[in-house]
Amino acid sequence: MSAKISFFKSVEQYVDKAAGFTDIPKGLVEQIRVCNLVLQIRFPIRIGNDYQVIEAYRVQHSHHRLPTKGGIRYAETVDQDEVMALASLMSYKCALVDVPFGGAKGGIRINPHKYTPDQLQSITRRYTTELIKKNFIGPGIDVPAPDYGTGPREMAWILDTYQAFRHGEIDSIGCVTGKPITQNGIRGRNEATGRGVFYGVRECLSHAEDMKRIGLSTGIAGKTIAVQGLGNVGSNAALISQQEGDAIIVGVAEREGSIVNPKGIDVDALLKFRKETGSIIGFPGTKHIGDSSAILEVECDILIPAALENQITIDNADRIKAKVIAEAANGPITAYADPILQKKNILILPDFYINAGGVTVSYFEWLKNLSHHRFGRLENRFQHNTFTGILKKVEEMTGKEVPQRDRDFLTRGGTEIDLVNSGLEDTMITAYQQIRQTFLEHKEIPDMRTAAFVCSLKKIASDYIAMGIFP
Ligand code: GLU
């Protein structure tokens, strides 16, 4: 058996397995599983005196809710199979966290590090133009966002291109999310996926019986974590787990290799070190243990693969030592490797749950864009005045003065970042409890991934049934 299988097939296998624990009709399962629309694009860009053909995709997996939603990735691994798999995961992800979108994904097969910012801008604008021509983008149609290899800068180019074609469309700013804050983005979106990983892991580790089953004590504080990938998701997950969760980051991997320090690595300092030297290797106090996959096998409580898909395969699954794996990347464990890890009693937090923080805050950004106002703008001062009034009354009645630090905290009105982070926290906790309940209530469901797919499938199926397509 080959260690690698098609990524889309891998997702299909998970879906089929989960569907067996539901009473959703077979034909409806098939409709949910397939990709509804696949757009394959080729366009030229000029490099020096020559031209290069760029290969790009946008896949809309499911239209049970609209718009469809999902990031755009720039990577050399991009092909139709990968984008289809990622688009389908977006449908299950959105359903799981009650974000009312269908799933989609885009991809351009390039290594962005090999292009100048001007060339990247040309590629992004041309790609957006192709999406506009095919009616594959719009605030009510399909809303892209950042993914591997893209960020707020690319989203700003997409918005500008869209607005140039759709001048005067009042909701045009909602055609893409993950934009810079100054360009109608939302505070907290940039770190949302990593922050969501932290909230999800913390929630998972808070259940005593579950932890007992895998031989861990409760609580994230003091737990050892190894992270593969220091991109947007990995770096924020590590940083927030360390700063807000008091976890110990014992290992980190990037393209150039894996480093460990059982006493803990200061993630903030490591990120600065890499910015200055271009590498994590040689960071004081750490040991270089091998290439970027070596990190997967280190001794730790929690492993966070936050790079690309197909990292844990039948070749290395047996050597994984972590007790919990949080799939911050999409598809880091192949369908063949999954049962090996389950047999080893490893608790897997599946990708389409644990990395759902990004699309959750994208949803908040889209709501902000459609409502044309910043969350907290209308009520912030009003709440502050009300709380100050209540506090004053309490002080009068008790004759005691509340210290300034407590006063600042208690009289705060909700600002945009407060509301975004609390909305994200609530979403991650609620979704975890749903998965856990499904897992515990149905003894025949073997693992959390299957339980999560059952939750999503039931929600998507009920949308289709409500549409009357499947009476
Ligand atoms: N690319 C991210 C994901 O895979 C975010 C998608 C979005 O915000 O629409 O979930």
Side-chain angles (χ1 to χ4, degrees), residues 7 11 57-62 65-75 77-78 82-108 131 136-152 154-155 158-159 174-180 184-186 188-197 200 229 231-234 236-237 305-309 326-332 349-370 420 423-424 427-428 431 452 456:
F7 188 7
V11 179
Y57 301 88
R58 183 74 183 173
V59 173
Q60 293 172 1
H61 169 257
S62 177
R65 295 224 171 172
L66 286 171
T68 52
K69 187 89 188 77
I72 297 176
R73 97 170 18 183
Y74 290 179
T77 55
V78 165
E82 184 188 72
V83 185
M84 283 168 65
L86 294 167
S88 68
L89 281 173
M90 285 307 302
S91 294
Y92 306 116
K93 187 183 303 187
C94 291
L96 193 63
V97 291
D98 293 323
V99 163
F101 298 139
K105 200 75 160 205
I108 305 186
L131 296 183
F136 259 68
I137 182 170
I141 298 170
D142 187 355
V143 182
D147 198 82
Y148 190 85
T150 57
E154 285 73 17
M155 303 307 117
I158 293 174
L159 174 63
C175 76
V176 62
T177 60
K179 302 178 290 289
N184 300 292
I186 197 165
R189 173 62 186 85
N190 206 37
E191 60 274 26
T193 314
R195 177 169 287 282
V197 171
N232 176 290
V233 182
N236 281 304
L308 281 172
E309 57 265 23
E327 293 185 316
N330 288 306
L349 294 169
D351 46 9
F352 67 105
Y353 162 65
I354 203 69
N355 71 29
V359 77
T360 301
V361 177
S362 273
Y363 171 48
F364 300 157
E365 180 176 333
W366 182 76
L367 290 174
K368 173 187 184 182
N369 294 157
L370 297 193
V420 163
L424 173 60
T427 301
M428 294 306 292
S456 298

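Each ligand, and each atom within it, is numbered from 1 in the order the structure gives. Bear in mind that the values here come from a model prediction, so they are computed numbers and not experimental data.
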| task | Would you check whether Lys69 has a nitrogen or oxygen atom less than 3.5 angstrom from a nitrogen or oxygen atom of ligand 1? | result | yes
| field | Region of Arg73 engaging ligand 1 - heavy atom pairs below 4.0 Å | value | neither
| What are the atoms of ligand 1, with element, lying closer than 4.0 Å to any heavy atom of Gly71? | 1 (N), 6 (C)
| For ligand 1, which atoms sit closer than 4.0 Å to a heavy atom of Ser362? | 7 (C), 8 (O), 9 (O)
| remark: Closest to atom 7 (C) of ligand 1 by heavy-atom distance, out of Cys94, Pro144, Gly196, Ala145, is Ala145
| query | Just which atoms of ligand 1 are under 4.0 Å from any heavy atom in Gly358? | reply | 8 (O)
| note | Honestly, for Pro146 the part within reach of ligand 1 (heavy atoms, under 4.0 Å) is backbone
| field | Min heavy-atom dist Gly178 to ligand 1 below 4.0 Å | value | no
| query | So which bit of Arg189 gets within less than 4.0 Å of ligand 1, heavy atoms only: side chain, backbone, both or neither? | reply | side chain
| query | Quick one: does Asn355 get an N or O within less than 3.5 Å of an N or O on ligand 1? | reply | no
| query | Lys105 heavy atoms, cut-off 4.0 Å: which ligand 1 atoms fall inside? | reply | 1 (N), 3 (C), 4 (O)
| message | Residue-level breakdown please: for Asn330 versus ligand 1, do any non-hydrogen atoms fall below 4.0 Å on the side chain, on the backbone, on both, or on neither? | response | side chain
| message | Closer than 4.0 Å to some heavy atom of Lys93 - which atoms of ligand 1 meet that? | response | 3 (C), 4 (O), 10 (O)
| field | Proximal atoms of ligand 1 relative to Met90 (non-hydrogen, under 4.0 Å) | value | 3 (C), 4 (O), 6 (C), 10 (O)
| Side chain proximity check, Asp98 to Thr427, heavy atoms < 4.5 angstrom | no
